[in-house]
Amino acid sequence: ADQISLLTSATVARWNAMAAEGRRVLAATQATEIRDDALADARQALREGVTADLLPQERELTGDLAAAYVAPNLAYSAGETEAAQQAAADGVESVFVTVREGETIVRAGDAVSPLALEKMTELGLTRDQTDVQAMVAYAIVAILLAILTVSGLARFRPALWHRNRSLVLFVLALVVSAVALRVSGDRQLWAYVIPTSATVMLIGLLLGGYAGAIMAALLAIVAGLVNSNSLSIAVYVYAGGLAALVTILRAERMSVFFRAGIVLAVTNVAVAVSFALLEQRDPTALAQLAGAGVLNAGLSVLLAVGSFAVLGNVFGILTVFQLLELANPSNRLLRRLLLETPGTYHHAVMVGNLAERAAETIGADPLLARVAAYYHDIGKMKNPLAFIENQAGGVNIHDQLSPETSARIISAHVKDGIDLAYEHHLPIQVIAFIPQHHGTSLMAFFHGKALREAGETAVDDEVFRYPGPKPQSREAAILMLSDGVEASVRSLETKDEPEIRLMVSRIVDARLADGQLSECELTLRDIGLIKEAFVQQLLGMYHQRIRYPDNVVPLTERRDSA
């Protein structure tokens, strides 16, 4: 209706303009190919081609009038088209292209030509597919590594094998590092940056050098596999891991991490540059690899420093830095021990000296032995005067008590010590020494007193034994022996070498005969070395001093008088 109204009211000039535009767009449309199955598309294209010089209603009318005259000028036959294409293809001579084994089709960074793309397509390099053979190969290697690792841990580190948290930490660290290596696989420079040495250092610090060495070997194999079986990457990861591990073991100060970073950086650069020279890389590549090696060392040290304490707490693993903190005399619990029970504190320090010397002699952990000695008698703070070293020559309360009562009071310091240790959040590994340092040994003094008082009446020996358990480690056994030897030798009137040597042998042999050392890993050779270590340490502690003449004035007094 609107278009009819427009036609009846249009002037001659406006009609001539619309007619001229209609003839123009119709001629232009008919000049193109109009297939019979695309007639609607051609008519719509015509409407869109009407000039914008006309008014909107005039453009719509012109397009509709011209579209009505659009007619197909091409008939499409799918069969004839296919036949024509086939005939044209048959007329082209075949061209055969040979791709030899090891041939480089396209280099990284180069534009991919149509011929290169066709080569890669024919060889199946452009489509995602699952390489069953590669998966089977990786599975065999993974299973073999798992079996060897488990066997090694079970054979050489049985204690680690039976600690579930330690195994979880080992597996978790391996998986996370392997995923990081896989993500960076075949990415040239990134493979040299992934800080796998941090994992090796963490495992070495928390689980021991043997576990760290295994981790270094496993990560080296994984790195080589995910980087197209690259020997250079495998050696790079293994050498860096071992260099860091050797440097970081037995660390007692944070500065050792700085030293480990330097050693790791030098090792990384040396290995990376050496293989680059063998591959005849250009100077730019050498500089990039050297930079990646230094960056790897920095990241490894930062990651190790920032996470080893956290992981140790999460997985319940005692670190050397925790032990150093506990050994600090300013520790709150040690300060209490010094102020409330000075005799016990002095005894603990002396026992610590003996235990550390003995542990060093047989290859046990000297720092752990010393720290355990410091805290083994903290339970005496609950009742200081019940123990002779805190009585300062005063009244001995046990003179008025029965032997059984005295035994209960003395043995209570074990339970009190455990409670106090938990209250002050001591590591569970240190707490374990408190009941083990006495084992199930007999309180000989009170047992003998009971026998004298009982006459012919039977005495229950179990009343006079500590609750135990017996020492479960070499360090706990050393602490038991150190504790007994220090107290016994201190009571000697004459502290010359024969007397000290005789007392040391008597105490150690008594513990051995009583079966107190039956559940630890001490050998007879270890026991002999421990005895000698005790004697030498005690001789140093109780060495004879020169007796100065009475008329000799001390140097400080001479200065004061001057």
Side-chain angles (χ1 to χ4, degrees), residues 142 145-146 148-150 152-153 156-157 160 163 165-185 190-227 230-252 254-272 292-312 314-315 317 319-321:
L145 289 177
L148 292 176
T149 302
V150 169
L153 291 176
F156 299 107
R157 288 295 182 273
L160 179 63
R163 294 205 305 261
R165 287 189 177 185
S166 299
L167 287 178
V168 169
L169 174 61
F170 187 92
V171 173
L172 183 62
L174 178 60
V175 170
V176 171
S177 301
V179 170
L181 287 170
R182 183 65 187 89
V183 171
S184 67
W190 278 106
Y192 290 89
V193 175
I194 299 298
T196 52
S197 295
T199 305
V200 177
M201 285 190 284
L202 287 172
I203 296 300
L205 283 171
L206 298 176
L207 303 183
Y210 183 81
I214 290 180
M215 178 63 73
L218 293 177
L219 291 179
I221 295 173
V222 172
L225 289 175
V226 301
N227 286 280
S230 171
L231 176 63
S232 60
I233 295 294
V235 174
Y236 175 85
V237 171
Y238 186 63
L242 285 187
L245 180 65
V246 171
T247 309
I248 207 72
L249 285 181
R250 297 293 183 184
E252 295 187 358
M254 293 298 290
S255 60
V256 74
F257 284 102
F258 178 74
R259 186 165 67 249
I262 294 177
V263 173
L264 177 57
V266 172
T267 304
N268 286 345
V269 172
V271 174
V294 174
L295 180 59
N296 175 292
L299 292 175
S300 296
V301 170
L302 289 176
L303 188 59
V305 170
S307 58
F308 86 95
V310 175
L311 291 176
V314 170
F315 289 92
I317 299 172
T319 66
V320 65
F321 297 98

How close do S307 and L202 get, counting heavy atoms only, and between which atoms? OG-CD1, 3.5 Å
Over 60° means perpendicular and under 30° means parallel, so tell me whether F321 and F257 are parallel, tilted or perpendicular. parallel
Rounded distance [0.5 Å steps], CG in N227 versus CG in L181: 7.5 Å
If I take atom CG from residue L264 and atom CE from residue M201, how far apart are they, to the nearest 0.5 angstrom? 6.0 Å
So which heavy atom on L219 is nearest to which on A178, and how close? CD2-N, 4.5 Å
When you compare the side chain of V294 with that of V269, does any pair of heavy atoms fall below 4.5 Å? yes
Using every non-hydrogen atom in the two residues, find where V237 and A223 come nearest and quote the distance to one decimal. CG2-CB, 3.7 Å
Which atom names give the shortest non-hydrogen contact between A260 and I248, and what distance separates them? CB-CD1, 4.1 Å
Determine whether F315 and L172 make a side-chain contact, defined as any pair of heavy atoms from C-beta on separated by less than 4.5 Å. yes
List the residues meeting side-chain hydrogen bond (donor to acceptor under 3.5 Å, both in side chains) with S177, not counting sequence neighbours, and say none if there are none. T199
Could you grab the distance from atom CD1 of I194 to atom CZ of R182, nearest 0.5 Å is fine? 12.5 Å
Exercise: identify the closest heavy-atom pair between S197 and N296: OG-OD1, 4.4 Å
If you round to the nearest 0.5 Å, how far is OH of Y238 from CG of L242? 4.5 Å
Side chains of T319 and L206: does their closest heavy-atom pair fall under 4.5 Å? yes
With respect to Y192, which candidate in N268, I233, L295, V271 satisfies the side-chain contact (heavy atoms from CB on, under 4.5 Å) definition? I233
Return the CG to OG1 distance between L174 and T196, rounded to the nearest 0.5 Å. 11.5 Å
Minimal non-hydrogen separation, G224 against A234, with atom names: CA-CB, 4.1 Å
F258 side chain reached by V301 side chain, heavy atoms, under 4.5 Å: no
